[in-house]
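Remarks on the structure that follows.
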Amino acid sequence: MDTIKTRFAPSPTGWLHVGGARTALFNYLLAKQAGGVFLLRIEDTDRARHDESAVAKIIEDLRWLGIEWDEGVEIGGDNGPYRQSERLDIYRKYTNQLLEAGRAYFAFETAEELDAMRQAARAEKRNFRYPRPDPLPRRNDADKARAEGRPVVVRFKIPGRDVTIHDEVFGDVTVAADEQDDFIIAKTDDWPTYHLANVVDDALMGVNFVCRGQEFLSQTWRHVLLREAFGFDEPKYAHLPLIMDMQGRKLSKRDGAVEVHAFRKAGYLPEVLVNFIALLGWNPGDDRERLTMSELIESFSPGRIGKANAKFDRRKLLAFNTDAVADADENHLLAGFKDYLSLNETPIPGDDDSLLLHLLRINKGFRTFADILTKCGVLFVTDDAFEYDPKAVKKVLAKGDGDGYAMLADLRTKLSACDWTEDALQSLIEDVCAEKSIGMGKVAQPIRVAVTGSTVSPAIYDTLMILGKEKTIARIDRCLAMREKA
RNA sequence: GAUCCCAUCGUCUAGCCUGGUCUAGGACACCGGGUUUUCAUCCCGGCAACACGGGUUCAAAUCCCGUUGGGAUCACCA
């Protein structure tokens, strides 16, 4: 067989969805592991839902994930153009070919008429099939209809035979002839429908392995029939089980991020997302779970794609990210952290590499970059720009007879006399602990709450070193003053 | 509603094709314990599934049938 050629053909209507990302990934893997070609085509034939900015968004997120195409939009190739909106004349030519061969015909119903027919069928508990007219309307009928202001579409005349799809994942699936009907291939506006454009492009671009979501499986008969009518070769098909939410419903935005970009913005590493979505509906067949892109390429096999829908478990994704971050080298983390900061509003200066590296080090054990921001962001705002969490204040400072405040006042005196090196701070605090025979927590927590407003921050020495003496004292004073007011 | 597809721990899944090695394995989550100046991390231990009912067979998670449950499709959206 020829070298394998796969494609990802998104419709630009918004951000890249994790489901789309998985389809892209599997196509990429399929091509790469066999030394084949992976191409990217934009299917922008839906003018109503079209969003031009989505093209760039999809491309950007694909690249962020590390999925590179060998041919297609932006990089070109021998089979362009790679946007369907630029291939309209091609589709027209193929539609006409069908029309001339009597394999397609014109139809003139309005949406309302079609709707009424469907309603009627429903009322009679009958399945609706478009009633093919006899004789078939010809071009002059179409001209006449157009002159009368009626919509004109082109429908494919199905041959009326059962169609069996040979799917690499689901096996042979047969769609009976009486389940099919004469579907539309050219819309009122003369643009092609998905089925026509997709089939023509795949054939013309040499795509010989079609891997896409399972929602297309029960429609693939249209593609088989269209290909047959054109004399195109059959590609291999592999339909992927769907990705659902934890309730088993279609993955939707309401229960969290579903877009690749959202995970990027939330502080996840791209290779983690790739690893995780690769395991949705596929596995290497052994106990390995952590796989790099090259390991995925090496071990990928369509035969190991499962048939059951998968649920998208965000907690497992988080665990993957936590582990990956712990193993990643600093420069890689630095790049990821900067990307994260550039996408989010943050007081942390994103251009100070040594500071960023320092933050990465003192936050060891973080789960996503967002953890660093929530923990350290407050250290970079002005001293009066953060709120004191009432619960933290109560628990750490006000509890008892204001023991925490007393401790803080004492510490303020000592701290202001400290020469502010990590060693000095450490012995200062340890001395206080020893002197009063109390635990570290009793000393560190009041300071932490005073300088950050919360009970959560990096280790106390790290926190104080980043803040510096002046800001520390200023914040403690603000905290003490707040007590007086209360 | 019609058609098609699917079904192992709460979740991702291994095992199923080529029945016995499965008192069903791994990971996440959860629970319990430990480490830790907070959070997070980390360490140890534990809980937990073959949807149900019939067959076939010496033997079934594995093969067959049915039931139930879930999903997809039935657009001038892709």
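So you know, we letter chains A, B, ... as the sequences are listed, proteins then strands, and number each from 1.
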- Query: Of the candidate nucleotides C12(B), C76(B), U73(B), which contains the atom at the shortest distance from the side chain of Val153(A)?
  - Reply: C76(B)
- So, does the side chain of Gln219(A) form a donor-acceptor pair with the base of A78(B) at under 3.5 Å? yes
- Query: Hey, are the side chains of Asn309(A) and Gln214(A) touching, using non-hydrogen atoms and a 4.5 Å cut-off?
  - Reply: yes
- Could you tell me whether Phe312(A) contacts a base, only the sugar-phosphate backbone, or nothing, with contacts defined as non-hydrogen atoms closer than 4.0 Å? nothing
- Task: Identify which nucleotide among U38(B), C76(B), C12(B) has an atom closest to any side-chain atom of Pro151(A), counting heavy atoms from C-beta outward.
- Result: C76(B)
- Message: Ignoring hydrogens and geometry beyond distance, is the side chain of Gln214(A) in donor-acceptor contact with the base of G71(B) at under 3.5 Å?
- Response: no
- Is it true that the side chains of Glu422(A) and Gln426(A) contain a donor and an acceptor less than 3.5 Å apart? no
- Give Leu280(A) one of three labels, base, sugar-phosphate or nothing, depending on what nucleic acid heavy atoms sit under 4.0 Å from its own. sugar-phosphate
- Message: Looking at C39(B), I'd like to know if its phosphate oxygens (OP1 or OP2) sit under 4.0 Å from a side-chain N or O belonging to Ser457(A).
- Response: no
- Message: Without decimals, in angstroms, what is the distance between Arg222(A) CZ and C76(B) C1'?
- Response: 12 Å
- Any idea which of C12(B), C77(B), C28(B) is nearest the Arg290(A) side chain? C28(B)
- Query: Rounded to the nearest Å, what distance is computed from the CG atom of residue Asp46(A) to the C1' atom of nucleotide C76(B)?
  - Reply: 10 Å
- Is any side-chain N of the basic residue among Lys250(A) and Asp245(A) closer than 4.0 Å to the acidic one's carboxylate O? no
- Sticking with atom P, work out how far G66(B) lies from U73(B), rounded to a whole angstrom. 25 Å
- Gap between atoms CD1 and C1', on Ile243(A) and U11(B) respectively (whole Å): 14 Å
- Describe the nucleic acid contact of Asn309(A) in one word from base, sugar-phosphate, nothing, applying a heavy-atom distance below 4.0 Å. sugar-phosphate
- Item | Rounded C1' spacing from U35(B) to C12(B) in Å | 30 Å
- Message: Quick check: any donor-acceptor pair below 3.5 Å linking the side-chain of Arg448(A) to the base of U37(B)?
- Response: yes
- Asn283(A) has a side chain; which of G10(B), A14(B), G26(B) sits nearest to it? A14(B)
- Query: Taking the side chain of Val456(A) as heavy atoms from C-beta outward, which of C39(B), U37(B), C12(B) is closest to it?
  - Reply: C39(B)
- Note on the structure: Here the distance between atom P of U73(B) and atom CG of Leu217(A), to the nearest Å, is 11 Å
- Query: Using a cut-off of less than 4.0 Å, is there contact between a side-chain N or O of Lys311(A) and OP1 or OP2 of G10(B)?
  - Reply: no
- Message: Does Ala308(A) reach a base, just sugar-phosphate, or nothing at all? Heavy atoms under 4.0 Å.
- Response: sugar-phosphate
- Task: Take the protein atom CG of Asn127(A) and the nucleotide atom C1' of G1(B), then report the distance between them rounded to whole Å.
- Result: 7 Å
- Query: How far, in whole Å, is U67(B) from U41(B) if one measures between their C1' atoms?
  - Reply: 49 Å
- Which of parallel (below 30°), tilted (30 to 60°) and perpendicular (above 60°) describes Phe276(A) and Phe320(A)? perpendicular
- Query: Hey, is the side chain of Lys307(A) poking within less than 4.0 Å of OP1 or OP2 on C6(B), counting only N and O atoms?
  - Reply: yes
- Task: To the nearest Å, give me how far apart CE (Met246(A)) and P (C30(B)) are.
- Result: 11 Å
- Item | Nearest-angstrom distance from the residue atom CD1 of Ile158(A) to C1' of U3(B) | 14 Å
- Query: With a non-hydrogen cut-off below 4.0 angstrom, is His195(A) in contact with a base, only sugar-phosphate, or nothing?
  - Reply: base
- Item | P gap between C16(B) and C74(B), integer Å | 35 Å
- Message: Regarding Thr45(A), tell me which of base, sugar-phosphate or nothing describes its non-hydrogen contacts under 4.0 Å with the strands shown.
- Response: sugar-phosphate
- Query: Out of U73(B), U37(B), G10(B), which nucleotide sits closest to the side chain of Asp313(A)?
  - Reply: G10(B)
- Task: Check whether more than 12 heavy atoms from other residues, nucleotides or ligands sit under 6.0 Å from atom CZ of Arg314(A), and answer yes or no.
- Result: yes
- Hey, does Asp190(A) reach any base, or is it just sugar-phosphate, or nothing, if we go heavy atoms under 4.0 Å? nothing
- Message: Quick check for you: among C28(B), A75(B), G26(B), whose closest atom lies nearest to any side-chain atom of Arg118(A)?
- Response: A75(B)
- Message: Quick check: on RNA chain B, is the nucleotide nearest Ala111(A) upstream (toward 5') of the one nearest Gly306(A), or the reverse? Name the residue that is more 5'.
- Response: Gly306(A)
- Can you tell me if the side-chain N/O atoms of Arg304(A) get under 4.0 Å from OP1 or OP2 in A14(B)? yes
- Query: Pick one: which of Phe369(A), Trp15(A), Tyr268(A) meets ring-ring contact (aromatic ring centres under 6.0 Å, His included) with Phe263(A)?
  - Reply: Tyr268(A)
- Message: Please classify the nucleic acid contact of Leu242(A) as base, sugar-phosphate, or nothing, using heavy-atom distances under 4.0 Å.
- Response: sugar-phosphate
- Message: Output the rounded distance in Å from CE (Met244(A)) to P (U13(B)).
- Response: 13 Å
- Got a donor-acceptor pair under 3.5 Å from the side chain of Ser218(A) to the base of C4(B)? no
- Message: For a quick check of understanding: with a heavy-atom distance under 4.0 Å over all strands, which category does Pro458(A) fall into, base, sugar-phosphate or nothing?
- Response: base
- Task: Using a heavy-atom cut-off of under 4.0 Å over every strand shown, decide if Glu109(A) touches base, sugar-phosphate, or nothing.
- Result: base
- Heavy-atom side-chain proximity of Arg227(A) to Pro235(A) below 4.5 angstrom: yes
- P-based separation of C63(B) from U18(B) [nearest Å]: 9 Å
- Item | Lys187(A), NZ atom: more than 12 neighbouring heavy atoms under 6.0 Å | yes
- Task: Counting heavy atoms from C-beta on, name the nucleotide in G1(B), C5(B), U38(B) closest to the side chain of Phe170(A).
- Result: C5(B)
- Query: Where the side chain of Ile184(A) is concerned, which of A2(B), C76(B), U13(B) is the nearest nucleotide?
  - Reply: C76(B)
- Heavy atoms under 4.0 Å, any strand shown: does Glu215(A) hit a base, just sugar-phosphate, or nothing? sugar-phosphate
- Is Asp182(A) paired with Arg132(A) through a side-chain N to carboxylate O contact shorter than 4.0 Å? yes
- Task: With a 4.0 Å heavy-atom cut-off, tell me which residues in residues 361-378 of chain A come close to RNA chain B, sorted by residue number.
- Result: Lys364(A), Gly365(A), Arg367(A), Lys375(A)
- Message: Closest approach to the side chain of Tyr194(A), judged atom by atom: which nucleotide of C76(B), A78(B), A2(B) is it?
- Response: A78(B)
- Item | Residues Asp431(A), Lys414(A): salt bridge by 4.0 Å N-O rule | no
